[in-house]
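In this chain, residues are counted from 1 in sequence order. Both counts, for ligands and for their atoms, begin at 1 and track the order of listing. Atoms considered below: every heavy atom in the structure, side chains included; atoms not considered: hydrogens, waters and symmetry mates.
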Amino acid sequence: MKNYYQPEIETMPLEELQALQSERLAAQVQHVYENVPFYRGKMDAAGIKPEDIKGIEDLHKLPFITKDDLRDQYPYGLLGVPLDQVVRIQSTSGTTGRRVVAFYTQDDINVWEDCCARALVAVGATKEDVCHVSYGYGLFTGGPGLNGGSHKVGCLTLPMSSGNTERQIQFMEDLGSTILCCTPSYASYLGETITEQGRKDNIKLKAGIFGAEPWTEEMRRDIEKTLGIKAYDIYGLTEISGPGVSFECQAQAGMHIQEDHFIPEIIDPDTGEVLPEGEVGELVFSCITKKAFPLLRYRTRDLCILTREQCSCGRTHVRMMKPKGRSDDMLIVKGVNVFPSQIETVLINKGYPANYLIIVDRVGTNDTMEVQVEMTAEMFSDSLKEVAAREKELVEAIKAMLGIKIKVKLVAPKTIARSEGKAKRVDDRRKLYD
Ligand code: DLL
């Protein structure tokens with residue numbers, strides 16, 4: 001069985017890593033120029049020939065690719081190989097506009113599953129483990145990606161998919177699941193249910209790999225406590241392959257980007273200028289090994305920071321800090337930038353569960369924002385005075401965080417819908433009027 005901790009790559013000195021990236025990038029640029037008319041057109045229009053891109057120092061010369069380009073080229077416009085070499089399609093959830101689809105050759109699937117295998121090994125998975133995959137299967141990449149990685153590591157893999165919480169817990173108990181893979185919001189729900197039903201002692205979980213949506217350090221601590229595990233972050237996006245573009249190691253201090261396959265950049269989202277390490281900006285990825293859907297300089301809209309500070313695990317691959325959220329998920333309320341994660345931090349710090357809904361609306365020309373927050377059973381009270389005092393405390397704590405006064409409404413336990421996949425935290429009703 002192949003060992004999926006690959007120190008020769010994961011701890012490679014920076015110079016060697018950059019030489020590898022440069023070689024792969026130059027070959028990839030040649031590949032897209034020859035095989036994707038859309039890219040050839042874009043490069044020709046910008047006056048760039050493939051020979052101009054000799055290495056990573058020339059990356060900035062290439063034009064960006066955006067989600068709109070993907071939608072315009074739907075379905076086959078960005079395909080880099082003939083259809084007879086494509087073996088798989090995955091897709092984003094596509095709540096607005098056309099779906100975004102991504103294609104894979106068998107080699108691309110191997111790269112993706114290797115990335116997920118590395119992520120699993122980084123949190124301590126071995127072939128002795130029972131890996132419980134509760135991400136959705138199907139077009140969503142979470143289930144298939146972690147499933148493939150788990151097979152490669154040699155774990156006993158439970159392809160549970162999401163939903164049916166009672167069955168999930170029963171299987172965890174019966175089969176002795178040791179690693180859980182799902183969204184952090186579903187992990188939180190599983191933890192809540194297991195605790196309430198007094199079944200924690202029957203659970204053998206030791207680690208969880210949670211991603212696909214933003215989550216805070218506070219939520220991590222909460223999940224670690226309720227499930228009695230170490231909770232690790234994993235990041236990815238369908239367009240670039242799926243989960244495993246980056247993953248946390250046991251240091252839990254940011255996610256290592258698998259730089260032998262993906263070159264990251266951070267740019268100013270307004271000007272497109274490349275920003276220096278340590279500055280917050282939009283994450284951009286170039287895929288240098290995938291052939292069927294070879295995106296270069298793809299703008300993710302995710303906002304985060306990169307660091308090359310030495311990690312205690314010994315890996316040299318750059319780390320990305322938890323994304324603050326997507327630039328298009330950022331709410332502007334009363335002229336102030338608001339990320340749902342800021343609200344979540346306040347709530348968990350004050351002892352509330354991460355079950356909340358932000359409702360933004362407009363009265364006349366004024367924005368309004370209400371946060372509905374679920375109380376725990378212990379907090380729940382019939383005393384209106386007590387509830388009002390709690391609400392006031394939260395209004396003030398949120399004002400200290402955001403600088404604006406919003407409304408808080410405490411609701412009874414279990415009234416906010418639980419999520420089995422990515423949680424919906426925001427209901428922006430202003431869109432109705434735009
Ligand atoms: O969510 C892939 C994935 C599956 C990642 C399972 C991790 C685990 P998409 O559905 O295409 O793919 O959504 C990608 O989700 O651009 C981010 O905005 C967000 N996202 C993914 N992982 C994280 C994370 C999958 N760890 C979009 N933290 C990305 C914050 C995340 N946001």
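For the pair Lys152 and Tyr4, the NZ or CZ position fails the cation-pi test of under 6.0 Å to the six-membered ring centre and within 45 degrees of the ring normal.
Residue Asp233 approaches ligand 1 through these ligand atoms, each under 4.0 Å from one of its heavy atoms: 24 (C), 26 (N). With ligand atoms numbered from 1 in the order given, ligand 1 contributes 11 (O) to contacts under 4.0 Å with heavy atoms of Thr92.
Note: Tyr186 and Phe210 fail the aromatic proximity criterion, with ring centroids not under 6.0 Å apart.
At least one N/O-N/O distance between Ile234 and ligand 1 falls below 3.5 Å. Where the criterion is an N or O separation shorter than 3.5 Å, residue side chain and backbone included, Glu213 meets it with respect to ligand 1. Polar contact check, Gly242 against ligand 1: no nitrogen or oxygen pair lies under 3.5 Å apart. Between Thr300 and ligand 1, a contact under 3.5 Å exists for no N or O pair.
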Side-chain polar contacts of residues 137-148 - donor-acceptor pairs under 3.5 angstrom, sequence neighbours left out - could you list them?
from: Tyr137; atom 1: OH; to: Asn147; atom 2: OD1; distance (Å): 2.7

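Of the candidates Ala102, Cys181, Ala212, Ala212 brings a heavy atom nearest to atom 20 (N) of ligand 1. Of the listed options Cys304, Gly421, Gly236, Gly136, Gly236 places a heavy atom closest to atom 5 (C) of ligand 1.
Residue contacts with ligand 1, taken as heavy atom pairs separated by less than 4.0 Å, do not involve Arg301 at all. The backbone and the side chain of Thr238 each have at least one atom closer than 4.0 Å to an atom of ligand 1 (non-hydrogen atoms only). The proximity of Pro323 to ligand 1, defined as any non-hydrogen pair under 4.0 Å, is limited to the side chain.
For the residue pair Gln252/Glu217, the side-chain donor-acceptor check at 3.5 Å is not satisfied. The closest side-chain donor-acceptor pair between Ser246 and His256, if any, does not fall under 3.5 angstrom.
The structure places CD1 of Ile358 at 4.5 Å from CD1 of Ile343, a figure rounded to the nearest 0.5 Å.
The closest approach between Phe210 and ligand 1 stays at or above 4.0 Å for every heavy atom of the residue.
Heavy-atom contacts from other residues, nucleotides or ligands closer than 6.0 Å to NZ of Lys414 number more than 12.
With sequence neighbours excluded, no residue forms a ring-ring contact (aromatic ring centres under 6.0 Å, His included) with Tyr39.
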